[in-house]
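These values consider heavy atoms only, across backbone and side chains, with no hydrogens, waters or symmetry-generated copies. In what follows, chains are A, B, ... by sequence order, proteins preceding strands, each numbered from 1.
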There are 2 protein chains.
Amino acid sequence: MSSGDQRAPGASSTGTAGIADVASLAGVSQSTVSNVLNHRERVAAETIDRVERAISMLGYVPNGAARSLAAGRSRSIGLVLSDLGNSLFVDIARGAERAAEEHGLSLLVANADGRLEREDRYVDLFTESRVLGTLLTLNDETHYRALSTRRARGTVLTLLNFHADAAAFCSAYFDNEAGGRLATQHLLDTGRSRLVFVGGPSALQPVADRREGFRRTLAASGIRPVDELSPDGINRADGWKVGHALAARVVTGEIDGVVAASDLLAAGIVQAFTESSGIGVPDIVGVIGYDNNQAAWDSPIQISTISQPGAELGYAGVGLLLDDLDSGEHEHRAVRLEPSLVIRQSTGR
Amino acid sequence: MSSGDQRAPGASSTGTAGIADVASLAGVSQSTVSNVLNHRERVAAETIDRVERAISMLGYVPNGAARSLAAGRSRSIGLVLSDLGNSLFVDIARGAERAAEEHGLSLLVANADGRLEREDRYVDLFTESRVLGTLLTLNDETHYRALSTRRARGTVLTLLNFHADAAAFCSAYFDNEAGGRLATQHLLDTGRSRLVFVGGPSALQPVADRREGFRRTLAASGIRPVDELSPDGINRADGWKVGHALAARVVTGEIDGVVAASDLLAAGIVQAFTESSGIGVPDIVGVIGYDNNQAAWDSPIQISTISQPGAELGYAGVGLLLDDLDSGEHEHRAVRLEPSLVIRQSTGR
DNA sequence: TTGTATGCGTTATCAC
DNA sequence: GTGATAACGCATACAA
């Protein structure tokens with residue numbers, strides 16, 4: 001009445017076969033089964049064979065809970081995303097996924113959908129699941145402050161898309177100011193100098209940073225910006241309105257280049273220019289976007305843009321996380337990722 | 001040397017406080033702690049207080065693995081998505097999330113990214129995690145067949161976006177043919193009768209179904225379709241090309257309405273009509289899309305479209321899943337969700 | 001209302 | 001190379 005007693009080998013009482021069922025069917029001990037699962041090298045080839053046959057006969061699926069309980073660690077890491085609707089975050093997930101895969105880990109993803117309360121819930125869930133660690137993407141100063149207040153112990157947290165104080169967390173983020181500089185410089189390099197920046201709500205930190213890059217680049221060349229616009233949003237329709245407003249000034253030659261804070265914005269602007277006013281893009285005016293979204297390449301006139309390496313961000317995040325785990329006393333680090341210029345038709349020459 | 005021996009109350013050996021630490025700090029037994037976690041109603045208010053104080057003092061976080069092992073069930077469900085890049089799947093995730101939340105469950109999301117092998121891996125992962133069940137979105141007959149072959153036991157699987165054989169799985173899916181009918185009828189209702197269908201690769205089952213709806217609606221009215229086109233893709237650039245090809249026939253009056261198989265397609269068509277040929281939309285020609293994507297509303301001329309209730313699909317999926325779990329002998333069901341017409345400018349009159 | 005004892009399914013340690 | 005046995009941290013009868 002101790003170890004492997006009479007449990008019908010096959011579909012057991014609970015509906016799921018356990019390691020004991022496999023063991024008795026294969027005529028070995030539980031430890032041997034466990035060994036073929038976790039340390040094949042310690043097991044004879046022929047034994048492996050028998051056990052594996054038994055496993056598939058029974059449709060045995062190891063119980064992850066028991067597994068990580070006994071092992072004291074799990075083989076997965078969590079990722080809490082701010083917004084699945086934004087393709088940038090999807091890219092981040094892809095990169096994280098790839099990194100996890102390379103380390104033989106699984107990635108569990110949860111969507112906070114911009115809600116602070118959900119963010120919390122999922123961080124807690126992952127913590128309780130005893131994932132190796134959790135990656136958290138952040139938009140917002142608000143959320144960051146809430147986070148600092150909350151208990152951060154219990155799990156290793158790494159912040160993504162946000163430049164955190166290295167005293168508290170590891171983080172990986174994009175250099176938006178550099179992106180603004182890249183875009184502006186590209187317009188200068190292609191012979192334009194009468195430039196306007198089209199931004200958006202100033203509350204968006206990335207947009208503000210991009211504008212800063214615009215300003216600095218022009219200042220460094222001793223050029224004065226023609227104008228800076230801040231539509232209500234950064235979508236295509238907003239760009240379309242701005243484009244129409246700008247068209248006359250392009251025709252007069254006052255403007256020959258537009259730096260837009262998003263691809264959607266840029267696509268709307270290009271559309272407005274070409275459709276009603278017959279303004280040639282890129283001949284008369286160059287337009288550059290930001291994000292390297294579908295809007296940028298899936299457009300009649302493909303739009304030059306700044307690409308943010310979302311996948312790399314996710315990849316780097318996993319790296320930071322694992323690093324944090326390994327080294328006992330670990331200095332938190334902030335990794336800044338540089339955007340890059342993607343040249344397409346809208347600025348061609 | 002039996003139950004609560006000497007483990008330094010506070011940060012324990014492993015770095016994490018356990019339920020035993022909480023119990024001894026609060027001066028109660030482990031089961032009492034467990035009860036305040038799971039059955040508060042059985043515990044005296046004052047005891048709850050003491051225990052909770054101890055919990056927060058120690059920063060105690062229950063171990064999910066141990067928890068679901070002991071309880072025999074977890075509190076989360078899995079969702080494997082075909083393609084996070086498609087906003088429809090994001091909507092599905094949102095709906096599933098809402099349903100899960102309402103049931104006090106957590107939703108774990110994984111992105112298969114269109115790869116069959118990943119689909120498998122994640123279904124397996126969720127199965128090992130002993131989630132309550134797994135939701136799986138499917139595009140493709142191929143994947144479905146692979147699925148039927150594979151072991152499907154071990155976890156409850158519910159299929160989304162795919163009409164599965166009710167003998168094997170529960171499933172929830174969209175009625176694409178009805179959508180095609182809706183779109184076509186709307187064009188007829190607004191006084192157009194010289195209609196063309198713009199589809200895409202015939203391998204896409206949904207597109208084929210939508211075309212079928214187009215055909216049947218016209219047949220029912222005794223009208224002959226003017227034409228059916230199948231561009232290489234269903235993106236904006238494809239639409240733009242088709243639009244230019246169609247423009248002349250619109251000008252001659254041969255065509256007064258276009259049913260497009262996607263919003264991107266429709267947006268490209270509208271753009272081509274208005275920009276170069278000056279063809280008035282909706283005055284000269286009505287255009288309707290499909291999907292209710294951002295492309296449909298975030299366009300200078302907002303595009304009428306067919307909306308698929310992605311969130312509802314996810315919501316319904318969770319319902320089916322939980323149903324399947326509860327009822328011992330459960331008849332698998334296939335739930336069909338109806339799309340709806342969204343009228344915007346591109347068909348207005 | 002609270003405490004005691006047993007088991008969840010697996011891994012790891014140690015003998016053999 | 002293989003097998004016995006003790007944890008892993010918690011939930012849940014059941015007894016008190």
Side-chain angles (χ1 to χ4, degrees), chain A residues 1-5 7 9 12-24 26-51 54-55 58 60-75 127-130 154, chain B residues 1-5 7 9 12-24 26-51 54-55 58 60-75 127-130 154:
Chain A
M1 51 197 65
S2 52
S3 45
D5 354 45
R7 224 166 123 200
S12 77
S13 44
T14 70
T16 327
I19 203 173
D21 302 310
V22 176
S24 72
V28 297
S29 75
Q30 297 198 19
S31 346
T32 299
V33 177
S34 172
N35 276 333
V36 351
L37 257 38
N38 305 299
H39 311 281
R40 307 176 80 80
E41 71 279 4
R42 300 182 191 165
V43 185
E46 195 240 348
T47 310
I48 293 186
D49 229 55
R50 271 217 319 280
V51 170
I55 286 180
L58 295 172
Y60 164 72
V61 178
N63 181 321
R67 216 167 183 184
S68 47
L69 180 58
R73 65 202 145 65
S74 87
R75 296 300 296 164
T127 305
E128 295 183 12
S129 301
R130 295 296 192 269
Chain B
M1 51 200 65
S2 52
S3 46
D5 354 47
R7 227 167 122 201
S12 77
S13 43
T14 70
T16 328
I19 202 174
D21 302 309
V22 176
S24 72
V28 298
S29 76
Q30 296 198 19
S31 26
T32 299
V33 177
S34 171
N35 276 332
V36 351
L37 257 37
N38 306 299
H39 309 281
R40 307 177 80 79
E41 70 279 4
R42 301 184 190 164
V43 185
E46 195 241 349
T47 310
I48 293 187
D49 230 54
R50 271 217 318 279
V51 170
I55 287 181
L58 296 171
Y60 165 72
V61 179
N63 181 322
R67 215 168 186 184
S68 46
L69 180 58
R73 64 202 146 66
S74 86
R75 298 300 295 165
T127 306
E128 294 184 14
S129 301
R130 295 295 192 272

Visitor: So, using side-chain hydrogen bond (donor to acceptor under 3.5 Å, both in side chains) as the criterion, who are the partners of Ser68(A) when residues are at least two apart?
Guide: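 With neighbours one apart ignored, the set is empty.
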Visitor: With nearest nucleotides of DNA chain C determined for Ser29(B) and Ala65(A) from heavy-atom distances, which residue corresponds to the more 5′ nucleotide?
Guide: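 First, find each residue's nearest nucleotide; the 5'-ward one identifies Ser29(B).
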Visitor: Quick check against the 3.5 Å criterion: does Ser129(A) have a side-chain atom that pairs as donor or acceptor with the backbone of Gly64(B)?
Guide: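 Not a single qualifying donor-acceptor pair exists.
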Visitor: Atom CZ of Arg50(A) to atom C1' of dG1(D): distance rounded to whole Å?
Guide: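 So the two atoms are 12 Å apart, to the nearest Å.
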Visitor: Closest heavy-atom contact between Val28(A) and Val33(A)?
Guide: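 Looks like CG2-CG2, 3.9 Å.
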Visitor: When every nucleotide of nucleotides 10-16 of chain C is labelled 5' to 3' by its protein contacts under 4.0 Å (heavy atoms), B for base, S for sugar-phosphate only, - for none, what sequence of letters results?
Guide: BBB----
Visitor: Residues two or more places apart in sequence or in another chain: which of them pass salt bridge (charged side-chain N to carboxylate O under 4.0 Å, His left out) with Arg40(A)?
Guide: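 Residues passing salt bridge (charged side-chain N to carboxylate O under 4.0 Å, His left out) with Arg40(A): Glu52(A).
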Visitor: Output, in order, the C-alpha distance, side-chain angles, deciding distance and verdict of side-chain contact (heavy atoms from CB on, under 4.5 Å) for Arg130(A) and Leu69(A).
Guide: CA-CA 9 Å; Arg130(A) 295 296 192 269; Leu69(A) 180 58; over 6 Å; no
Visitor: How sharply is the helix from dT1(C)-dA16(D) to dC16(C)-dG1(D) bent, taking the axes over five pairs at either end and rounding to 10 degrees?
Guide: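 One end axis against the other gives 30°.
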Visitor: Among residues at least two apart in sequence or on other chains, which ones pass salt bridge (charged side-chain N to carboxylate O under 4.0 Å, His left out) with Arg50(B)?
Guide: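 For Arg50(B) the salt bridge (charged side-chain N to carboxylate O under 4.0 Å, His left out) partners, ignoring immediate neighbours, are Glu46(B).
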Visitor: Rounded to whole angstrom units, what separation is found between the CG atom of Leu69(A) and the P atom of dC8(C)?
Guide: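 Checked: the CG to P distance equals 14 Å.
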Visitor: Which atom pair, heavy atoms only, marks the closest approach of Val43(A) to Val36(A)?
Guide: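 Closest approach of Val43(A) to Val36(A), heavy atoms only: CG2-N, 4.0 Å.
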Visitor: Please identify each residue that fulfils side-chain hydrogen bond (donor to acceptor under 3.5 Å, both in side chains) with Thr32(B), with sequence neighbours left out.
Guide: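 Thr32(B) satisfies side-chain hydrogen bond (donor to acceptor under 3.5 Å, both in side chains) with Ser29(B) once adjacent residues are dropped.
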